[in-house]
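Quick note on labels: first sequence line is chain A, next is B, and so on, each numbered from 1. Just so you know, these numbers come straight off a predicted model, no measurement behind them.
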Protein chains: 2
Amino acid sequence: MTSRIEQACIDKGMKMTEQRRVVARVLSDASDAHDHPDVEEVYRRASAIDKRISLATVYRTLRLFEDAAIIQSHDFGGVRARYEAAEDDSHHDHLIDVDSGEVIEFYDGELEALQDRIAARLGFRLVDHKMELFGKALEPRSGRRGG
Amino acid sequence: MTSRIEQACIDKGMKMTEQRRVVARVLSDASDAHDHPDVEEVYRRASAIDKRISLATVYRTLRLFEDAAIIQSHDFGGVRARYEAAEDDSHHDHLIDVDSGEVIEFYDGELEALQDRIAARLGFRLVDHKMELFGKALEPRSGRRGG
DNA sequence: TTACGTGCAAAAGGTTTGCAATAAC
DNA sequence: GTTATTGCAAACCTTTTGCACGTAA
């Protein structure tokens, strides 16, 4: 079945190889799970589906998708970039649990509006923003790591 | 004359070598100018003051200062980390001009308060945050690059 | 005096790339 | 059939590190 990201690639007229299809599927599934895998993790999951894929191709494909605005990369303070499907309408930001590394997505309309106002005040039109909160859980959380 | 960052190092009991003094001075001056140099730039400026400094020592010193919370590093989307003096009381965030690369500092009390509220709503105590706005100037700006 | 810092050059680790083989359109 | 894509391995670039030498306290 055609994954959401594969469909986005087709819509953009990309030549769809098996490798791209597999990476698209991995990223679509990750997105559904609000997951933010890094390159190695995408490579691992892609290899599990089809062994014929190489790390170089994963890098090239991620860059291709990112340049096409199909996915976006994040730097959550770790060593490698992490990826998620680009948001269409539903923008969100991230809160990172500093103890577990878990990434929690959130949306706050007030925050979005405030950012526009701040940019305007400084004489700019906002084209993008990056907002990450780092916090400690007030109550102990279940043990999942990553996100 | 003793730079602000050199004084912070002395206060923390660091052994002050000539190299550390020079890097401290470069960073103090950059901070006064609201400048955010990367490693190469710090190395360049330090070398101009004293040729005996090596890139490895600049890396080691920046890491030392950062671990001591005397400076902080940022990833503004470029390839290298960029540095500024750690904020004592006057927290600020950054707006990056996507056309020129210029970095503009700003402070917004409402934003700070809102972030705390969002974290609390998600069940977290905020320990840090990273907020970067990327914008296009509404009016053409003078040609400085960097910041 | 002595533990710690430095310079050099080599290594590490993530990411990119040249090239010949391969596959999509 | 053409042109873009892939795998492999080597290159690249930033950052770290081992080691012998130097120096602050």
Could you check how far [atom1] of [X] sits from [atom2] of [N], rounded to whole Å?
X	N	atom1	atom2	result
B:Asp50	D:dT23	CG	C1'	14 Å
B:Leu64	C:dC4	CG	C1'	11 Å
B:Asp75	D:dT15	CG	C1'	14 Å
B:Ile53	D:dT23	CD1	C1'	15 Å
A:Arg80	D:dC13	CZ	P	21 Å
B:Tyr43	D:dT15	OH	C1'	14 Å
B:Gln19	C:dC8	CD	P	11 Å

Exercise: identify the closest heavy-atom pair between [X] and [Y]:
X	Y	answer
B:Lys12	B:Ala68	NZ-O, 3.2 Å
A:Arg4	A:Ser31	NH2-OG, 3.0 Å
A:Leu111	A:Phe106	CD2-CE1, 4.1 Å

Any B:Tyr59 side-chain nitrogen or oxygen under 4.0 Å from OP1 or OP2 of D:dT16: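 For B:Tyr59, the contact criterion (side-chain N or O under 4.0 Å from OP1 or OP2 of D:dT16) is not met.
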
With a cut-off of less than 4.0 Å, is there a side-chain N or O of A:Arg63 near OP1 or OP2 of C:dT15? no

Sequence neighbours excluded, which residues qualify as side chain to side chain contact (heavy atoms under 4.5 Å, CB included) partners of A:Ala8?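 Side chain to side chain contact (heavy atoms under 4.5 Å, CB included) check on A:Ala8 returns A:Ile70.
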
Answer yes or no: is there a side-chain heavy-atom contact under 4.5 Å between B:Ile53 and B:Val23? yes

May I ask you to say what A:Arg60 touches in the nucleic acid, namely base, sugar-phosphate or nothing, with a heavy-atom cut-off under 4.0 Å? base

Under the 3.5 Å Watson-Crick or G-U criterion, the dot-bracket string of DNA chain D, with | for inter-strand pairs: |||||||||||||||||||||||||

Shared hydrophobic cluster for A:Val127 and A:Ile71 (ILVMFWY, side-chain gaps under 4.5 Å): no

Taking A:Met14 as the starting point, is it possible to reach A:Val26 by hopping between hydrophobic residues whose side chains are less than 4.5 Å apart? yes

Inter-residue atom distance A:Arg45.CZ - A:Arg25.CZ, 0.5 Å rounding: 13.5 Å

Between CG on residue A:Leu62 and OG1 on residue A:Thr57, distance to nearest 0.5 Å: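 The OG1 atom of A:Thr57 is 10.5 Å from CG of A:Leu62, to the nearest 0.5 Å.
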
Take B:Leu55 and A:Arg20, find for each the nucleotide of DNA chain D with the closest heavy atom, and name the residue whose nucleotide sits nearer the 5' end. A:Arg20

Could you list the protein-to-nucleotides 22-25 of chain C atom pairs, N/O on both sides, closer than 3.5 Å?
unit_1 : atom_1 : unit_2  : atom_2 : d
C:dC25 : OP1    : A:Met16 : N      : 3.1

